[in-house]
Chemist: 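Mind having a look at this structure? Questions to follow.
Please read these numbers as outputs of a predicted model, since none were measured by experiment. Heads up: numbering here begins at 1 and tracks the sequence.
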Amino acid sequence: MPHLDPTVLAIPAFVGAMGAEFAWQRRHPGTAGTTRAGDYDLTDTVTSLTMGLGSLLAPLLSKRLLDPLTPGVGRWARALVGTAVGAAALTTAADIVRRRAELPAAGDARPARGPNGESVARLGGFAAVAAVGVTALTAATTWAAQTSGERLFARTERDLGAGAAATIVAILGWDAIYYWNHRLSHECRWLWAVHVVHHSSERYNLSTALRQPVAEGVTLSVPYGLLALLGVRPSTIENARAINLIYQFWIHTEAIRSIGWLEKVLNTPSHHRVHHGSNRRYLDRNHGSILIIWDKLFGTFEPETERPIYGLTRNINTANPLQVATHEWRDVARDIAGSRIWADRFGYLLRGPGWAYSRRA
C-alpha cells in the first residue's frame, strides 16, 4: 500500500480552519475603514493557495527533471559538470579580456572603454551565471542523493523500529535539524531565494502558512537523513516531517494572542508573528518549528514586543505566483552577471541577503 502523506490528508482540515478564522474575523471586525494585517484578501489568499499546491506538485516534477542531472545517478551528470567547468573558463577569459580592454591607452589617462569591452563584459556575465548556477545545481543534486534517508539507513545496523520511542526521536530530531535549516535559509542567499516565497505576503493568516516554496529540490540543507543513522526508519522520518509541517499551520494567525506558560517551550502564533515581521528588531529571529527552545539556546529568540510589519524589507508588490517564486532568483542572476570578480559572484549566492543588498548598493 503506498505511503499517504499526512499533509495531503490534512488539506480538508486546513480549509476548515481557514474558514473558521475568516468567520472569527467577521465576528470581530477591526476599526471601521481600516484593514488588519490578519484579514483575508482574495488575491493574496489565491496566491498563497497556488504556491501551496505548487509545493505539492514540485517534488514530483523535480525528481524527473533532476535525477538525470545527478552525478552518480543520471546520464547527463557529466555534461552538467562539463558545462560548469566550461562556463567558468569562459567567464575567467572574459574577465581577462575585459580588464585589458579597460586599460588606459598609451599617453591617455582614461580607460579605453569601448564596444569590445562592453560586449565581453556581457558575455562574461552570462557565462558567470551559467557557471555558478550549474555548479550549485550539481552540488544540490549530489548532496540530496548521497544524504537521503533510504541511503543512510541502508548503511547502519541500527533500527529503532516503528514504536513510540522511534517516533519521539524522529520528531525531536527533525525539529532540531529544522531549526538550523530554517536559520540558514535566512543567512544564505541561495537558501533565501527558495524560502523568501513564504515571507512574501504582507498579510498574516492561516492561508500564509500554505505559501510554500517550490524549489527546495535545488538547494542544500542539513540532511534530515542523518536521523536514519540513529536507526530511525525512512518512513518514520517522513511522518516526522509531516507532523512538523502540520504543526506550523496553526501558528500563522493573529487571532490567538498567547497560550500562557506554553509560550516558554513551544513555538506559538506570538513567536512566529515575530519571525514574519520585517521590523528591524525582528529580522532573522524565532526560527523554531514546534519548539522555541532552540532559539533560546542559540541566541535567536525575540519576544513580541511591538506590532509586526509583515512582508519583506523590500516588498515585491505582486501576486503573480511565477514572480513570487522566481523574483529572488532573478535578482541573484542579475547580481552575479554584473559582478567583476569570483569572490562577489559566489558571495551573491552564498553570503547573507543583507550583504548582497548592501554590496549591490
Side-chain angles (χ1 to χ4, degrees), residues 7 10 13-14 17-18 20-21 24-25 28 36-40 44 48 52 168 171-188 191-192 194-213 221-222 224 240-313 352-354:
T7 57
F14 293 158
M18 287 188 290
E21 184 183 40
W24 181 90
Q25 292 173 353
H28 300 83
R36 297 171 298 184
D39 290 344
Y40 280 84
D44 179 82
S48 294
I168 292 172
I171 292 173
L172 290 178
W174 186 285
D175 205 56
I177 294 173
Y178 178 91
Y179 166 82
W180 286 106
N181 280 331
H182 194 183
R183 179 172 175 172
L184 289 171
S185 292
H186 284 254
E187 297 177 351
C188 171
L191 309 186
W192 174 244
V194 176
H195 183 60
V196 68
V197 169
H198 185 61
H199 286 265
S200 60
S201 176
E202 295 176 57
R203 299 298 178 109
Y204 191 76
N205 51 52
L206 292 176
S207 74
T208 309
L210 304 181
R211 186 177 287 224
Q212 293 293 317
S221 64
V222 180
Y224 296 101
R241 177 198 67 83
I243 291 170
N244 193 278
L245 190 60
I246 291 171
Y247 179 90
Q248 293 180 59
F249 175 75
W250 79 279
I251 60 178
H252 291 81
T253 184
E254 289 212 323
I256 301 172
R257 305 312 301 177
S258 173
I259 59 172
W261 65 269
L262 288 173
E263 297 274 343
K264 298 179 180 180
V265 180
L266 297 177
N267 190 20
T268 66
S270 175
H271 298 328
H272 205 59
R273 285 193 291 267
V274 167
H275 180 72
H276 273 260
S278 62
N279 316 45
R280 186 172 184 82
R281 69 183 303 161
Y282 288 169
L283 295 179
D284 304 334
R285 297 293 172 182
N286 298 359
H287 302 293
S289 177
I290 297 176
L291 300 175
I292 200 64
I293 58 174
W294 312 117
D295 289 283
K296 294 183 177 182
L297 284 173
F298 299 113
T300 53
F301 175 71
E302 183 71 32
E304 185 179 27
T305 56
E306 62 185 45
R307 178 165 291 279
I309 301 171
Y310 301 114
L312 306 173
T313 55

Chemist: On a heavy-atom basis, which atom in Pro353 and which in Glu187 lie closest, and how many Å separate them?
Modeler: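 That closest heavy-atom pairing would be CD-C, 4.2 Å.
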Chemist: Under a 4.5 Å cut-off applied to non-hydrogen side-chain atoms, are Leu262 and Thr268 in contact?
Modeler: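 Leu262 does not reach Thr268 side chain to side chain.
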Chemist: Rounded to the nearest 0.5 Å, how far apart are CG of Asp284 and NE2 of His275?
Modeler: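 Spacing of CG (Asp284) from NE2 (His275) equals 8.0 Å.
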Chemist: Restricting to ring pair (Phe, Tyr, Trp, His ring centres under 6.0 Å), what partner residues turn up for Tyr204, sequence neighbours left out?
Modeler: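 Ring pair (Phe, Tyr, Trp, His ring centres under 6.0 Å) check on Tyr204 returns His252, His276, Tyr310.
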Chemist: Evaluate Tyr282 against Arg273 for side-chain contact (heavy atoms from CB on, under 4.5 Å), listing each step before the verdict.
Modeler: CA-CA 9 Å; Tyr282 288 169; Arg273 285 193 291 267; over 6 Å; no
Chemist: Under the side-chain contact (heavy atoms from CB on, under 4.5 Å) rule, collect the residues that match up with Ala255, sequence neighbours excluded.
Modeler: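 Checked Ala255 against side-chain contact (heavy atoms from CB on, under 4.5 Å); matches are Trp24, Thr253.
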Chemist: Are the side chains of Val274 and Phe301 in contact, using a 4.5 Å heavy-atom criterion?
Modeler: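 They are not in side-chain contact.
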Chemist: Can you find a heavy atom in the side chain of Trp250 that is under 4.5 Å from one in the side chain of Pro269?
Modeler: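 Yes, at least one pair of side-chain atoms sits under 4.5 Å.
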Chemist: Give a yes or no on whether the ring-centroid distance for His198 and His182 is below 6.0 angstrom.
Modeler: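 Distance test on ring centres: not under 6.0 Å, no.
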Chemist: Looking at Ser207 and Ser48, what are the two nearest heavy atoms and their distance?
Modeler: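 Heavy atoms of Ser207 and Ser48 come nearest at O-CB, 3.3 Å.
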Chemist: Given the rule in the side chain to side chain donor-acceptor pair (under 3.5 Å) test, do Asn267 and Tyr247 qualify, once you have shown the distances and angles that lead to the verdict?
Modeler: CA-CA 9 Å; Asn267 190 20; Tyr247 179 90; over 6 Å; no
Chemist: What heavy-atom pair brings Pro308 and Gly277 nearest, and what distance separates the two atoms?
Modeler: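 That would be CB-CA, 4.1 Å.
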Chemist: Can you tell me how far apart OG1 (Thr208) and CD (Glu254) are? Round to the nearest 0.5 Å.
Modeler: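 Answer for the OG1-CD pair, Thr208 versus Glu254, is 9.5 Å.
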Chemist: Are Glu304 and Arg257 packed together at the side-chain level, in the sense that at least one heavy-atom pair is separated by less than 4.5 angstrom?
Modeler: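 A side-chain contact under 4.5 Å exists here.
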Chemist: For the atom pair OG (Ser289) and CG (Leu245), what is the distance rounded to the nearest 0.5 Å?
Modeler: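 One gets 8.0 Å once the value is rounded to the nearest 0.5 Å.
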Chemist: Kindly indicate, with the supporting measurements, whether the criterion side-chain contact (heavy atoms from CB on, under 4.5 Å) is fulfilled by Tyr224 and Arg241.
Modeler: CA-CA 9 Å; Tyr224 296 101; Arg241 177 198 67 83; over 6 Å; no
Chemist: Name all residues meeting the side-chain contact (heavy atoms from CB on, under 4.5 Å) criterion together with Arg281; count only those two or more places apart in sequence or in a different chain, and write none if there are none.
Modeler: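 Arg281 satisfies side-chain contact (heavy atoms from CB on, under 4.5 Å) with Glu302, Thr305, Glu306 once adjacent residues are dropped.
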Chemist: Atom CE of Met18 and atom CG of Leu206: how far apart are they, to the nearest 0.5 Å?
Modeler: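 Going from the CE atom of Met18 to the CG atom of Leu206 covers 7.5 Å.
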Chemist: Answer yes or no: is there a donor N or O on one side and an acceptor on the other, between the side chain of Glu21 and the main chain of Ala17, under 3.5 Å?
Modeler: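 No, Glu21 side chain to Ala17 backbone: no donor-acceptor pair under 3.5 Å.
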Chemist: How far apart are the C-alpha atoms of Leu210 and Phe249, what are their side-chain angles, what is the distance that settles it, and do they pass the side-chain contact (heavy atoms from CB on, under 4.5 Å) test?
Modeler: CA-CA 8 Å; Leu210 304 181; Phe249 175 75; 4.0 Å; yes
Chemist: Donor-acceptor pairs under 3.5 angstrom involving side-chain atoms of residues 290-297: please list them, not counting sequence neighbours.
Modeler:
from, atom 1, to, atom 2, distance (Å)
Trp294, NE1, Asp175, OD2, 2.8
Asp295, OD1, Asn286, N, 3.4
Asp295, OD1, His287, N, 2.7
Asp295, OD1, Thr300, OG1, 2.6
Asp295, OD2, His287, N, 3.2
Asp295, OD2, Gly288, N, 2.8
Lys296, NZ, Lys264, O, 2.9

Chemist: Could you state the interatomic distance from CD1 (Ile251) to CD1 (Ile256), rounded to the nearest 0.5 Å?
Modeler: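 Going from the CD1 atom of Ile251 to the CD1 atom of Ile256 covers 10.5 Å.
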Chemist: Measure the spacing between CG of Leu191 and CG of Asn181 and express it to the nearest 0.5 Å.
Modeler: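 That separation rounds to 8.0 Å.
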Chemist: Do Asn244 and Ile171 make a side-chain contact, defined as non-hydrogen atoms from C-beta onward lying under 4.5 Å apart?
Modeler: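 No. Closest side-chain heavy atoms not under 4.5 Å.
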Chemist: Just jot down the side-chain contact (heavy atoms from CB on, under 4.5 Å) partners of Ile168, sequence neighbours excluded, or say none.
Modeler: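 Applying side-chain contact (heavy atoms from CB on, under 4.5 Å) to Ile168 gives Leu172.
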Chemist: Within the supplied structure, the quantity of interest is the number of heavy atoms (other residues, nucleotides, ligands) at a distance under 6.0 Å from Arg307 CZ; does it exceed 12?
Modeler: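 It does not: Arg307 CZ has 12 such atoms or fewer within range.
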Chemist: For the residue pair Arg211 and Arg203, establish whether any side-chain heavy-atom pair is separated by less than 4.5 Å.
Modeler: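 No. Closest side-chain heavy atoms not under 4.5 Å.
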Chemist: How would you list, by chain and number, every residue that makes a side-chain hydrogen bond (donor to acceptor under 3.5 Å, both in side chains) with Arg36, sequence neighbours excluded?
Modeler: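 side-chain hydrogen bond (donor to acceptor under 3.5 Å, both in side chains) check on Arg36 returns Asp39.
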Chemist: Give the minimum heavy-atom separation between Trp192 and Leu312, together with the two atoms involved.
Modeler: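 Result for this residue pair: CZ2-CD2, 3.9 Å.
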